[in-house]
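One structure is given below, encoded as structure tokens.
We count residues from 1, following the sequence as given.
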Amino acid sequence: MKKILLMLSLILCGIQVHAQSPHKIALSTSIGTGIDLSVPSYTPIEWHLQANYPLNRYWRVGLGTGLMKYEKPLLPLYFDTQVSLKHWKRCALFVQCDTGYSLALAHQTNGGFYLHPAIGLDFRVYGTQRFFVTLGYELQELERVKRYNGDYFSAEMQEALSHNLLAIHFGVRL
């Protein structure tokens, strides 16, 4: 896991060096939460950082990471695709899909598949700075070890969780 984190930080450092050239790589950050539709229910808190490259006026592709706090903290690593559907004078309608894997940052927990399709509005605030809000579905799978220690016996089992959320995110794009 340390090797993956080191490689990701080196990649993001390389992206930040080239982010100074205009109209190349756009950095965005967002915070979000959601309503858990599964049982056991847990309301997450999320922070994401993305670096996107515009292929043309409508398509953007990129990489993202962040921190998510469900029962246990997770580090998502994902591929992001965005498509602009409609442009108005100061805002744009877009759809996006994040697909990847989340690494567990806690002991006795395994991460899992991560999927987040969403629809959003993007508002121009100042120059190239933009504010956006997205509403979508989020799927996060993970495994954790559950323990029970009683007076007469102890038990340990591995529990597979699949969180299904109605998620909302607010963010800025630079």
Side-chain angles (χ1 to χ4, degrees), residues 1-16 19 25-53 60-83 94-122 130-149 154-174:
M1 185 168 118
K2 290 180 183 178
K3 291 180 184 179
I4 293 172
L5 291 175
L6 180 62
M7 291 301 293
L8 180 66
S9 64
L10 290 175
I11 289 170
L12 287 177
C13 287
I15 289 172
Q16 289 177 357
I25 293 178
L27 295 177
S28 63
T29 185
S30 65
I31 58 170
T33 189
I35 300 169
D36 200 348
L37 305 173
S38 58
V39 175
S41 178
Y42 192 85
T43 303
I45 297 172
E46 303 177 6
W47 169 73
H48 293 272
L49 177 67
Q50 296 174 337
N52 290 27
Y53 182 80
R60 291 179 174 269
V61 295
L63 299 173
T65 187
L67 288 173
M68 299 190 310
K69 175 72 169 104
Y70 285 89
E71 297 90 358
K72 307 286 185 176
L74 300 170
L75 177 74
L77 304 171
Y78 55 88
F79 179 74
D80 176 55
T81 304
Q82 294 180 6
V83 180
F94 66 93
V95 293
Q96 76 175 33
C97 186
D98 303 336
T99 305
Y101 189 85
S102 291
L103 303 171
L105 300 177
H107 294 293
Q108 299 177 344
T109 305
N110 294 326
F113 180 70
Y114 172 71
L115 176 69
H116 180 217
I119 187 164
L121 280 173
D122 189 331
R130 302 182 76 83
F131 171 77
F132 63 90
V133 59
T134 63
L135 179 65
Y137 169 78
E138 187 170 304
L139 169 68
Q140 175 62 63
E141 296 180 348
L142 65 118
E143 295 177 347
R144 66 180 178 181
V145 174
K146 296 276 290 200
R147 288 198 173 118
Y148 174 76
N149 293 321
S154 296
E156 182 175 296
M157 68 173 195
Q158 189 162 354
E159 181 180 28
L161 298 174
S162 181
H163 289 285
N164 300 293
L165 303 176
L166 181 61
I168 185 165
H169 290 241
F170 301 95
V172 293
R173 182 173 294 124
L174 305 174

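For the pair Asp98/Phe79, no side-chain contact is recorded, criterion being any heavy-atom separation below 4.5 Å from C-beta on. The closest side-chain heavy-atom distance from Thr109 to Tyr70 is not below 4.5 Å. With a 4.5 Å cut-off on side-chain heavy atoms, Ile25 and Tyr53 count as touching. Under the 4.5 Å side-chain criterion, counting only non-hydrogen atoms from C-beta, Leu75 is not in contact with Pro73. Between Cys97 and Leu115 there is a side-chain heavy-atom pair separated by less than 4.5 Å.
A donor atom on one side chain and an acceptor atom on the other are not found under 3.5 Å apart for His48 and Gln50. Side-chain polar atoms of Thr134 and Gln96 form no donor-acceptor pair below 3.5 angstrom. At a cut-off of 3.5 Å, with distance as the only test, no side-chain donor of Tyr78 or His116 sits close to an acceptor on the other residue.
Across Asn110 and Ala104, no two heavy atoms sit closer than the pair C-CB, 3.9 Å. Gln140 approaches Gly112 most closely through the heavy-atom pair NE2-O, 3.6 Å. Across Asp122 and Phe132, no two heavy atoms sit closer than the pair CA-CB, 4.1 Å. In terms of heavy-atom proximity, Gly34 sits nearest to Thr43 at O-CG2, 3.3 Å. The nearest pair of heavy atoms linking Trp47 to Ile31 is CD1-CG2, 4.1 Å. Considering all non-hydrogen atoms of both residues, Pro76 and Gly66 come closest at CD-O, 3.3 Å.
Applying the side chain to side chain contact (heavy atoms under 4.5 Å, CB included) test between His163 and each of Leu139, Leu37, Asp36 identifies Asp36 as the sole match.
Between atom NE2 of residue His169 and atom CG of residue Leu135 there is a gap of 9.5 Å, rounded to the nearest 0.5 Å. The CZ atom of Phe131 lies 10.0 Å from the CG atom of Leu121; values are rounded to the nearest 0.5 Å. Rounding to the nearest 0.5 Å places CG of Leu67 at 10.0 Å from CG of Leu49. Remark: Asn52 CG to Ser28 OG distance equals 5.5 Å, nearest 0.5 Å.
Side-chain atoms of Tyr114 do not come within 3.5 Å of backbone N or O of Leu77 as any donor-acceptor pair. Put simply, the side chain of Thr33 gets close to the backbone of Pro44: a donor and an acceptor are under 3.5 Å apart.
The number of heavy-atom neighbours closer than 6.0 Å to CD1 of Ile119, taken from other residues, nucleotides and ligands shown, is above 12. Leu166 CG: more than 12 foreign heavy atoms inside a 6.0 Å radius.
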